[in-house]
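Working notes for the structure below.
Computed from a predicted model, the values in this text were never measured in an experiment. The chains referred to below are lettered A, B, ... by the order of the sequence lines, with proteins before strands, and numbering in each begins at 1.
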2 protein chains.
Amino acid sequence: MALTREQLIDAAVSVLSEFGLADLSMRRLARELDVQVGALYWHVKSKQELLVDVAAKLLGKVPQPSMPTRQMAPLAIAALLDQLRSALLTIPDSAEVVQLAQTMRPEALAPLGWLLEFLEHAGIPADQALYARHLLLNHLLGSIAAHQEARALAEEPDAVAHAAGSGQEAFEYGIRVILQGLAVEHPASAE
Amino acid sequence: MALTREQLIDAAVSVLSEFGLADLSMRRLARELDVQVGALYWHVKSKQELLVDVAAKLLGKVPQPSMPTRQMAPLAIAALLDQLRSALLTIPDSAEVVQLAQTMRPEALAPLGWLLEFLEHAGIPADQALYARHLLLNHLLGSIAAHQEARALAEEPDAVAHAAGSGQEAFEYGIRVILQGLAVEHPASAE
DNA sequence: ACCTGAACACCGTTCAAGT
DNA sequence: ACCTGAACACCGTTCAAGT
């Protein structure tokens with residue numbers, strides 16, 4: 001039967017998961033799916049568009065949390081970020097893929113919409129909530145990328161292990177600092 | 001006369017500045033320098049190594065600040081980040097290049113060493129200062145990338161301008177939030 | 001020491017033509 | 001509607017051989 005867009009996305013997710021972004025080429029996908037390269041372009045407009053769908057699929061693993069009370073908003077934000085982290089941490093180069101998707105079609109990434117809602121619910125004015133989300137997202141994706149590089153370097157023979165700010169600890173430290181900074185910047189949300 | 005490594009780096013900086021990372025290929029550089037591609041590999045081991053030198057050159061524009069007093073450390077940190085931002089903001093894809101360099105050979109980027117010193121000087125324990133630097137750097141590079149994408153999208157005809165967290169304002173907001181969070185997390189440095 | 005020429009093993013994208 | 005075949009215009013890297 002005919003190839004579907006879903007199959008194409010799934011194949012992309014699986015190659016990414018097993019081999020990383022460097023091996024995720026349209027030609028490789030075509031080989032994997034037993035079609036010619038050109039066939040893929042009937043289902044997606046470009047590789048970038050495919051990667052957006054890959055990112056959406058990865059983040060789709062995160063369950064939608066219920067809206068917290070105003071006092072619980074910071075906790076809910078931290079919890080959501082933790083969920084995002086564990087959804088992405090084991091997928092090589094996932095940070096890069098999500099970054100791309102976020103700039104190409106941010107509305108395709110539902111959990112990032114929830115994050116914004118939670119921030120506003122915590123008492124941060126709408127315009128600044130966008131900035132705050134950027135801050136949190138840059139930290140999340142940066143931490144994930146650093147963690148994955150650390151693992152990659154550790155596998156190479158000539159690895160000098162100068163990977164700091166990699167692990168869970170660094171991630172949580174950053175979240176704590178940002179949330180505290182937000183509480184200072186927006187005192188209304190502090191209690 | 002013979003090609004030098006310096007000339008190669010300069011050519012790379014200039015192609016990056018004018019056309020961006022997508023156009024910065026070894027073959028293009030060879031064309032620009034009137035040599036065969038293979039010649040470049042006598043001067044650098046790989047494209048990645050060249051990009052590290054490009055990043056170092058870009059950050060080399062930032063003058064070394066003198067060590068601040070302990071109370072002035074947060075201000076000095078903010079000032080240094082501002083300098084880094086203006087050194088990179090006009091260079092397309094500079095954030096990506098710096099990110100690569102930072103993971104490949106962090107010691108090649110002197111200003112990032114100063115940043116770490118300032119953080120420790122501000123009273124942050126050495127291990128956490130590494131985390132804090134990551135946090136600041138992710139925000140810096142994230143802001144620069146967002147700003148450049150916003151400009152890139154604005155030039156395209158079918159641009160939907162959903163670029164928030166792009167400008168100077170977003171950058172400074174983030175710095176403020178992080179520095180405040182750090183002050184809360186490390187009360188010794190608060191006064 | 002420094003470079004050429006040529007190869008190797010790839011890319012993303014397009015598109016007439018087939019079924 | 002969906003795919004093939006083939007082309008277009010590229011990549012990074014290596015290396016024998018030349019000067």
Just how far, in rounded Å, is [atom2] of [N] from [atom1] of [X]?
X	N	atom1	atom2	result
A/W42	C/dT19	CH2	P	19 Å
A/R27	D/dC11	CZ	C1'	11 Å
A/L24	C/dC10	CG	C1'	15 Å
B/L100	D/dG12	CG	P	14 Å
A/L29	C/dT13	CG	P	12 Å
A/R28	C/dT13	CZ	C1'	20 Å
A/L8	C/dG12	CG	P	12 Å
A/D23	C/dA9	CG	C1'	13 Å

Donor-acceptor pair, side chain of A/D53 and main chain of A/I9, under 3.5 angstrom: no

Under 3.5 Å donor-acceptor, A/D93 side chain and A/G20 backbone: no

Separation of the P atoms in C/dC8 and D/dA9, to the nearest angstrom: 22 Å

Residue-level proximity of residues 44-56 of chain B to DNA chain D when a heavy atom falls under 4.0 Å: B/S46, B/K47

Within residues 33-40 of chain B, residues whose heavy atoms come under 4.0 Å of DNA chain D: B/V37, B/G38

A/M72 atom CE, neighbour heavy-atom count above 12 within 6.0 Å: no

Qualifying residue for side-chain contact (heavy atoms from CB on, under 4.5 Å) with B/V54, from B/L8, B/V13, B/L100: B/V13

B/F19 six-ring face occupied by B/R28 cation (under 6.0 Å, within 45°): yes

A/E49 bridged to A/R5 by N-O distance under 4.0 Å: yes

Close side-chain approach of B/K57 to B/E6, heavy-atom, < 4.5 Å: yes

Any B/E172 side-chain heavy atom under 4.5 Å of B/L81 side chain: no

Residue-phosphate contact under 4.0 Å: B/Y41 side-chain N/O, D/dT14 OP1/OP2: no

Contact under 4.0 Å: A/H43 side-chain N or O vs D/dC3 OP1/OP2: yes

Secondary structure string for DNA chain D (Watson-Crick or G-U under 3.5 angstrom, | for other-strand pairs): ||.|||||...|||||.||

Minimum heavy-atom distance between B/Q148 and B/S94, given as atom pair plus value: NE2-OG, 3.5 Å

Side chain to side chain donor-acceptor pair (under 3.5 Å) between A/Y131 and B/E169, worked out: CA-CA 9 Å; A/Y131 300 165; B/E169 199 187 350; 2.9 Å; yes

Parallel, tilted or perpendicular, as decided by the 30° and 60° cut-offs, for the rings of B/H139 and B/F171: parallel

